[in-house]
Amino acid sequence: MTIAAAVTAPTTSPVHVAPRHAAPAVQPRAAPRREPSPLNPNTPAQALRSAASAPPSSSAAADGARAHIANLDKVLGKPPRPASHAAAAARQEQEQDGEQEPLSVRHGLLNALNLSFFVPMPGMRARTAADEHMSPRSLMHMQQLLSADFPRASPRSTIAPRWRSLHGEGGWAGLLDPLDSDLRRELLRYGDFVQAAYQAFHSLPTASARHRGLMLPDRSYRPTRSLFATSALSMPPWAKRPNTPEWLTQQSNWIGYVAVCESEREVARMGRRDIAIVLRGTATCLEWAENLRASLVPLDGESSDGAEAGAEEPKVARGFLSLYKTAGEKVKSLSEEVMDEVRRLMEKYKGEELSITVVGHSLGAALALLVADEVATSIPDAPPVAVVSFGGPKVGNAAFVDRLSSSGKVNVLRIVNAGDMVTKVPGVAPRLPHKKEQYQHVGAELRIDSKNSPCLRPDAGPACRHDLEAYLHLIDGFTGTGRPFRHDARRSVIRLLQLQRGNVKKEYVNRARELGVDPAAPADAGRSMAYGNCAVASPSS
């Protein structure tokens, strides 16, 4: 190159040669551009319109968006949309008010397992845009609906002025048919208490330690005492099998608990402090054997001779009385434990307005009548006692019924599912051939029917008709005899699907699978953490 060319050539920066072993310079990466999601309820409508009007970055992104919308439509059960229809829908959404969210967000996902959305019913009003609006609170509502065990209680209202009528004063006259909304909520709460007792027992059936973990769905109540029932029978050696679990044949078993309302706010709402005595149903072999001992015996456990003692003496089933009065090697009898705890709580809250609610399912409902009778007869200043019986059998003769009715302190409400065979037994006490005593039911009756449920099959089997969760599902939807199932029933049906999948209509099972819910999963596998964890003291503590 000549000197003149070198002078006139443009000046270039010197080339910098990096050291041989130096690391290459790292260029800062630009933050990825995030498109606003139409499924986010907090995304402003202006951002959505801006994102929609912006040109697509690539054909792959457009294909991904269309695939995402197609998948969402599949979940929502909507037919696929042609491209022309999709473009027209997009233009229509742009012309609508800026505060309104896309149709795919507002339509149906929240109420996918809601009875009122899935099954059209007479008397339902048309859904408005306000009803279908998806807010953060609604998203939480959807999560609760899909939770396996979330109770989803109805909104609470103050019942202080009428708590005595809801607790049975007057025999629940005018509250059962049609079913009072406040009474429905109280029944569902007590039913969930029994479900908690079942869960606590089956989670650790052999536990006889000083404390047992218990999860109550209502945190305003605190468990104060564990209850054990002991059978007078024992399993013969020839009936035992090597692989039989110990809890199936042991004589003493955890059967329930006592809880008291400790929330002052809830006490003010209810108008009194409530003591709940909760008893589960049959679960062990010896408890089944006691159920079959149906001969009538006096309440003191000793048969009386003579003609005068016959039908005029209050008598109950031998097996139920055995479980109630028998003490174990390490635990007191159920009778002693209940009476001691009731007296202790009455002394602790002396001077306050109190009530006692004894609730049970199946065998627990039978034992609840014996508890109520002893409280009324052995504690002179006992508060009002209400018995809530879910699928309970007959317990005693006519004299026993008269004894409870004439006490003036005990009111009994029996919830009966039509076709539940347990509520019909025993009918006649097996005694001498020339003399038979009839069993009789006691108290008011709330009759429900599995055939009225839009979720259960009309030919649901005996196990489903006696299942506690089926009872609570039917109570939640019952409005009155001859009336349709409640369109705004709030109780989740996931637990019912998991416990009674064979008795649930296939449409409901398929809808649950579409939403990612496995009906075959264990009923308590995904238990909600909304329940409070409490340690319940055993009788020995």
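Side chains included, hydrogens not; waters and symmetry mates left out as well; all remaining heavy atoms used.
Closest heavy-atom contact between Val267 and Cys261: CG2-SG, 3.8 Å. Contact record, Ala444 with Leu176: CB-CD1, 4.1 Å, taken as the closest heavy-atom pair. Looking at every heavy atom in both residues, Val385 comes nearest to Ala372 through CG1-CB, 3.9 Å. Contact detail for Lys505 and Ser453: the closest heavy-atom pair is NZ-O, 4.2 Å. Here the shortest heavy-atom pairing between Ala365 and Ser389 reads CB-OG, 3.2 Å. Scanning all heavy atoms of the two residues, the minimum distance from Glu290 to Ala232 falls at OE2-N, 3.1 Å.
Considering only heavy atoms from C-beta on, Leu370 comes within 4.5 Å of Val395 through its side chain. The closest side-chain heavy-atom distance from Ser234 to Gln251 is below 4.5 Å. Between Tyr349 and Val260 there is a side-chain heavy-atom pair separated by less than 4.5 Å. Residues Leu227 and Ile277 have side chains in contact (heavy-atom distance under 4.5 Å, counting atoms from C-beta outward). Contact check for Thr479 versus Pro178: no side-chain heavy atoms found under the 4.5 Å cut-off. For the pair Asn417 and Asp467, the minimum side-chain heavy-atom distance is 4.5 Å or more. Two residues are said to be in side-chain contact when any heavy atoms from C-beta on lie closer than 4.5 Å; Pro383 and Glu352 fail this criterion. Between Pro384 and Arg164 there is a side-chain heavy-atom pair separated by less than 4.5 Å.
Glu341 and Thr224 are linked by a side-chain donor-acceptor pair at a separation below 3.5 angstrom, with hydrogens and angles left out of the test. Of the N and O atoms on the side chains of Tyr471 and His361, not one donor lies less than 3.5 Å from an acceptor on the other residue.
Judged by distance alone, with hydrogens and angles left aside, the side-chain atoms of Arg457 form a donor-acceptor pair with the main-chain N or O of Gly502 at under 3.5 Å. Listed for the Asn291 side chain is no donor-acceptor partner under 3.5 Å among the backbone atoms of Gly319. A donor-acceptor pair is defined here as one N or O able to donate and one able to accept, closer than 3.5 Å; no such pair exists between the side chain of Arg483 and the backbone of Phe478.
Taken from OG in Ser362 to CZ in Arg280, the straight-line distance is 10.5 Å, to the nearest 0.5 Å. To the nearest 0.5 angstrom, Leu354 atom CG is 7.0 Å from Met346 atom CE. The NE2 atom of His167 sits 5.5 Å away from atom CG of Asp274, with the distance rounded to the nearest 0.5 Å. Here CG of Leu233 is found 6.0 Å from OG of Ser322. Values are rounded to the nearest 0.5 Å. In this structure, Asn397 CG and Tyr439 OH are separated by 8.5 Å, a value rounded to the nearest 0.5 Å. Taken from CZ in Arg490 to CZ in Arg184, the straight-line distance is 11.5 Å, to the nearest 0.5 Å.
The aromatic rings of Tyr198 and His202 lie parallel to each other, with less than 30° between the two planes, well short of the 60° mark.
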(Q) Go through it in stages, so that I can follow the logic: the residues are Thr423 and Arg414, the test is side-chain contact (heavy atoms from CB on, under 4.5 Å), and I'd like the CA-CA distance, side-chain angles, deciding distance and then a yes or no. (A) CA-CA 9 Å; Thr423 61; Arg414 296 182 299 105; 5.8 Å; no

Q: Would you sort out whether Glu186 and Arg269 count as a salt bridge (Lys or Arg N to Asp or Glu O under 4.0 Å), showing the intermediate values?
A: CA-CA 12 Å; Glu186 295 298 301; Arg269 186 192 73 86; 3.5 Å; yes

Q.
Could you walk me through whether Arg344 and Glu347 satisfy the salt bridge (Lys or Arg N to Asp or Glu O under 4.0 Å) test, starting with their C-alpha distance in whole Å, then the side-chain angles of each, then the deciding distance to 0.1 Å, before giving a yes or no?
A. CA-CA 5 Å; Arg344 187 187 72 82; Glu347 182 62 27; over 6 Å; no

(Q) Set out, in order, the CA-CA distance, both residues' side-chain angles and the distance that settles salt bridge (Lys or Arg N to Asp or Glu O under 4.0 Å) for Lys332 and Asp340, then state yes or no. (A) CA-CA 10 Å; Lys332 297 179 181 179; Asp340 290 348; 3.5 Å; yes

Q: Evaluate the criterion side chain to side chain donor-acceptor pair (under 3.5 Å) for residue pair Glu469 and Gln195; output intermediate values, then yes/no.
A: CA-CA 8 Å; Glu469 186 60 33; Gln195 286 285 33; 2.9 Å; yes

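Using a 4.0 Å cut-off between charged side-chain N and carboxylate O, Asp192 and Arg491 make a salt bridge. A salt bridge links Asp488 with Arg486: at least one charged nitrogen is closer than 4.0 Å to a carboxylate oxygen.
The salt bridge (Lys or Arg N to Asp or Glu O under 4.0 Å) contacts involving residues 399-410 comprise Asp373-Arg403, where partners must be two or more places apart or lie in separate chains. Residue pairs meeting the salt bridge (Lys or Arg N to Asp or Glu O under 4.0 Å) criterion with at least one partner in residues 171-180, sequence neighbours excluded, are Arg162-Asp180. Pairs engaging residues 378-413 under the ring pair (Phe, Tyr, Trp, His ring centres under 6.0 Å) rule: none recorded [sequence neighbours left out].
The one candidate from Leu188, Ile159, Ile475, Leu166 that meets the side chain to side chain contact (heavy atoms under 4.5 Å, CB included) condition with Leu183 is Leu166. Just one residue in the list Arg273, Arg272, Met270 forms a side chain to side chain contact (heavy atoms under 4.5 Å, CB included) with Ser355, and that residue is Arg272.
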